[in-house]
Undergrad: 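Input: one structure, supplied below.
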Amino acid sequence: MASPIAPAVSAQQIDRFASHGYLVLPDLFPPATIQKLRVEADTLLRDRLARMVASRTLDPRVTWWRLASGVPYVLKVKPVVDLSPAATAMADSLALRSVVADLLGAPPKLMDNKLMYKQTVDITAGWATLPVLGEEVRKHTDAAYYATCGYPRVLTVAVCLDPCTETAGALRVWPGSHRHTITMIPTANQGPVVPDTAAPDEAALTLIAEPGTVLIWDAALVHASGPNTSGHPRRLLVLGYSPAHPDNGEPR
């Protein structure tokens, strides 16, 4: 008789994820795999920016704005798996999907993907009409947005490509907040945000992580990140997984 397949995460980790809403898995991917994705991430961003500058046309995949100094700042490129073989390989990897399946309690379906950059870019962008914002990603959850897209349950996975230190704008989470209904308030350019009264700063935990670490959180968890003042890149591959529908993998 064949031996049963061992779970990718322990029962204790599954219980902790259910109660706290997040999990940190160090060294899930080797340095060579991370370096390959770093190279593709840089090439992808350079190519998208060059196309925009040459055509003087905004790219719908690129989310960017100006800082108060006037310098262009790129937050993310979305989607990316059709542009980056390394991102596709990571999203489809058995190591990652096994972990997500154990936490979801069901086979996972990839439903969102992006590269987060959080970096200024040295390009001529006087032609672009961009909002002026800061670097901070304010407190928010993603569950309500995903629900309107037909995905009532989503786990977010972030693969760290660079050191995620506090000065680099590491992820901040509010443990246990995914178990509460939180009403967000609209903003002009940054989407709905969670008010401080619902997620006090003193209740937050900063997830410091090394390259190759995987951060996983429930989409209903309140999270945020500060500015990247480290002088170094802080790139993340961010993937969203929902339980696959038993018939065709599509949401109900």
Undergrad: Hey, does the side chain of Thr57 reach the backbone of Ser55 with a donor-acceptor pair shorter than 3.5 angstrom?
TA: yes

Undergrad: Consider only side-chain heavy atoms of I, L, V, M, F, W and Y, link residues closer than 4.5 Å, and tell whether Val238 and Val80 are in one cluster.
TA: no

Undergrad: What are the two closest heavy atoms between Tyr241 and Ala91, and how far apart are they?
TA: OH-O, 2.7 Å

Undergrad: Please name the pair of heavy atoms, one in Leu104 and one in Pro243, separated by the smallest distance, quoted to 0.1 Å.
TA: CD1-N, 3.9 Å

Undergrad: Drop me the distance from Phe29's CZ to Ser93's OG, to the nearest 0.5 angstrom.
TA: 3.5 Å

Undergrad: If hydrophobic clusters are built by linking Ile, Leu, Val, Met, Phe, Trp and Tyr wherever their side-chain heavy atoms come under 4.5 Å apart, do Leu215 and Leu237 end up in the same one?
TA: no

Undergrad: Side chains of Glu135 and Asn228: closer than 4.5 Å at any heavy-atom pair?
TA: yes

Undergrad: Check the hydrophobic clustering (I, L, V, M, F, W, Y; side-chain heavy atoms under 4.5 Å; chains of links allowed) and say if Leu239 and Leu161 are grouped together.
TA: yes

Undergrad: For the residue pair Asp102 and Ala8, what are the closest heavy atoms and their distance?
TA: OD2-N, 2.5 Å

Undergrad: Verify, without hydrogens or angle tests, whether Gln13 (side chain) and Ser10 (backbone) share a donor-acceptor contact under 3.5 angstrom.
TA: yes

Undergrad: Answer with yes or no after comparing the ring centroid distance for His223 and Trp217 against a 6.0 Å cut-off, counting only values under it.
TA: yes

Undergrad: Taking all non-hydrogen atoms of both residues, which atom of Val71 and which atom of Val121 are closest, and how far apart?
TA: CG1-O, 4.3 Å

Undergrad: Do other residues, nucleotides or ligands put more than 12 heavy atoms under 6.0 Å from the NZ atom of Lys78?
TA: yes

Undergrad: Are Val193 and Met184 connected into the same hydrophobic cluster when the rule is that any two of I, L, V, M, F, W, Y join if their side-chain heavy atoms are below 4.5 Å apart?
TA: no

Undergrad: Can you list the steps and then say if Val222 with His180 is a side chain to side chain contact (heavy atoms under 4.5 Å, CB included)?
TA: CA-CA 10 Å; Val222 178; His180 307 286; over 6 Å; no

Undergrad: Could you grab the distance from atom CG of Leu115 to atom CG of Leu75, nearest 0.5 Å is fine?
TA: 11.5 Å

Undergrad: Mind running side chain to side chain donor-acceptor pair (under 3.5 Å) on Asp112 and Tyr151 for me, showing each step along the way?
TA: CA-CA 11 Å; Asp112 195 15; Tyr151 299 98; over 6 Å; no

Undergrad: Got a second to check how far Leu221's CG is from Ile182's CD1, nearest 0.5 Å?
TA: 8.5 Å

Undergrad: Working to the nearest 0.5 Å, report the span between OG1 of Thr213 and CG of Leu28.
TA: 9.0 Å

Undergrad: Should Asp201 and Arg172 count as side-chain neighbours, where that means a heavy-atom distance under 4.5 Å?
TA: yes

Undergrad: Side chain of His178, backbone of Ala18: donor and acceptor closer than 3.5 Å?
TA: yes

Undergrad: Are Leu96 and Val9 linked, directly or through other ILVMFWY residues, by side chains that come within less than 4.5 angstrom of each other?
TA: yes

Undergrad: Between the side chains of Ser225 and Lys118, is a donor N or O closer than 3.5 angstrom to an acceptor N or O?
TA: yes

Undergrad: Strictly below 4.0 Å, N to O, side chains only: are Arg234 and Asp162 in salt-bridge contact?
TA: no

Undergrad: Between Ile216 and Thr156, does a side chain to side chain contact (heavy atoms under 4.5 Å, CB included) hold up when you go through it step by step?
TA: CA-CA 6 Å; Ile216 307 177; Thr156 302; over 6 Å; no

Undergrad: Do Trp174 and Lys139 make a side-chain contact, defined as non-hydrogen atoms from C-beta onward lying under 4.5 Å apart?
TA: yes

Undergrad: Is the shortest side-chain heavy-atom distance between Leu110 and Arg97 below 4.5 Å?
TA: yes

Undergrad: On a heavy-atom basis, which atom in Cys160 and which in Cys164 lie closest, and how many Å separate them?
TA: SG-SG, 3.5 Å

Undergrad: Nearest 0.5 Å please: distance from the OG1 atom of Thr120 over to the CG atom of Leu67.
TA: 7.0 Å

Undergrad: Apply side chain to side chain contact (heavy atoms under 4.5 Å, CB included) to Tyr22 and Leu155, showing your working.
TA: CA-CA 9 Å; Tyr22 73 94; Leu155 298 191; over 6 Å; no

Undergrad: Just checking, is any N or O donor in the side chain of Gln35 or Arg38 under 3.5 Å from an acceptor N or O on the other one?
TA: yes

Undergrad: Which atom names give the shortest non-hydrogen contact between Ala203 and Pro175, and what distance separates them?
TA: O-CD, 3.6 Å

Undergrad: Does Val81 offer a backbone N or O that forms a donor-acceptor pair with the side chain of Asn113 under 3.5 Å?
TA: yes

Undergrad: Taking side chain as C-beta onward, heavy atoms only, is His140 less than 4.5 Å from Thr187?
TA: no

Undergrad: Just verifying a value: how many Å separate Leu58 CG and Thr129 OG1, rounded to the nearest 0.5 Å?
TA: 7.5 Å

Undergrad: Please examine the side chains of Met52 and Val62, heavy atoms only from C-beta on, and report whether any two atoms are closer than 4.5 Å.
TA: yes

Undergrad: Compare all side-chain heavy atoms of Arg235 with those of Asp42 and state whether any distance is below 4.5 angstrom.
TA: yes

Undergrad: Check the pair Ile208, Glu166 against side chain to side chain contact (heavy atoms under 4.5 Å, CB included), reporting the backbone distance first and the verdict last.
TA: CA-CA 7 Å; Ile208 305 300; Glu166 192 158 4; 4.1 Å; yes

Undergrad: Listed by chain and number, what are the side-chain hydrogen bond (donor to acceptor under 3.5 Å, both in side chains) partners of Arg61, not counting sequence neighbours?
TA: Asp82

Undergrad: Applying salt bridge (charged side-chain N to carboxylate O under 4.0 Å, His left out) to Arg179 and Asp218, what does each step give before you reach the verdict?
TA: CA-CA 10 Å; Arg179 295 183 286 130; Asp218 191 296; over 6 Å; no

Undergrad: Taking only residues at least two apart or on different chains, which pairs with a member in residues 68-117 satisfy ring-ring contact (aromatic ring centres under 6.0 Å, His included)?
TA: Trp65-Tyr73

Undergrad: Between the side chain of Glu40 and the main-chain N/O of Ala86, is any donor-acceptor distance below 3.5 Å?
TA: yes

Undergrad: Backbone N or O of Leu94 within a donor-acceptor pair of the Ser98 side chain at under 3.5 Å?
TA: yes

Undergrad: So Val159 and Leu236, do their side chains get closer than 4.5 Å, heavy atoms only?
TA: no

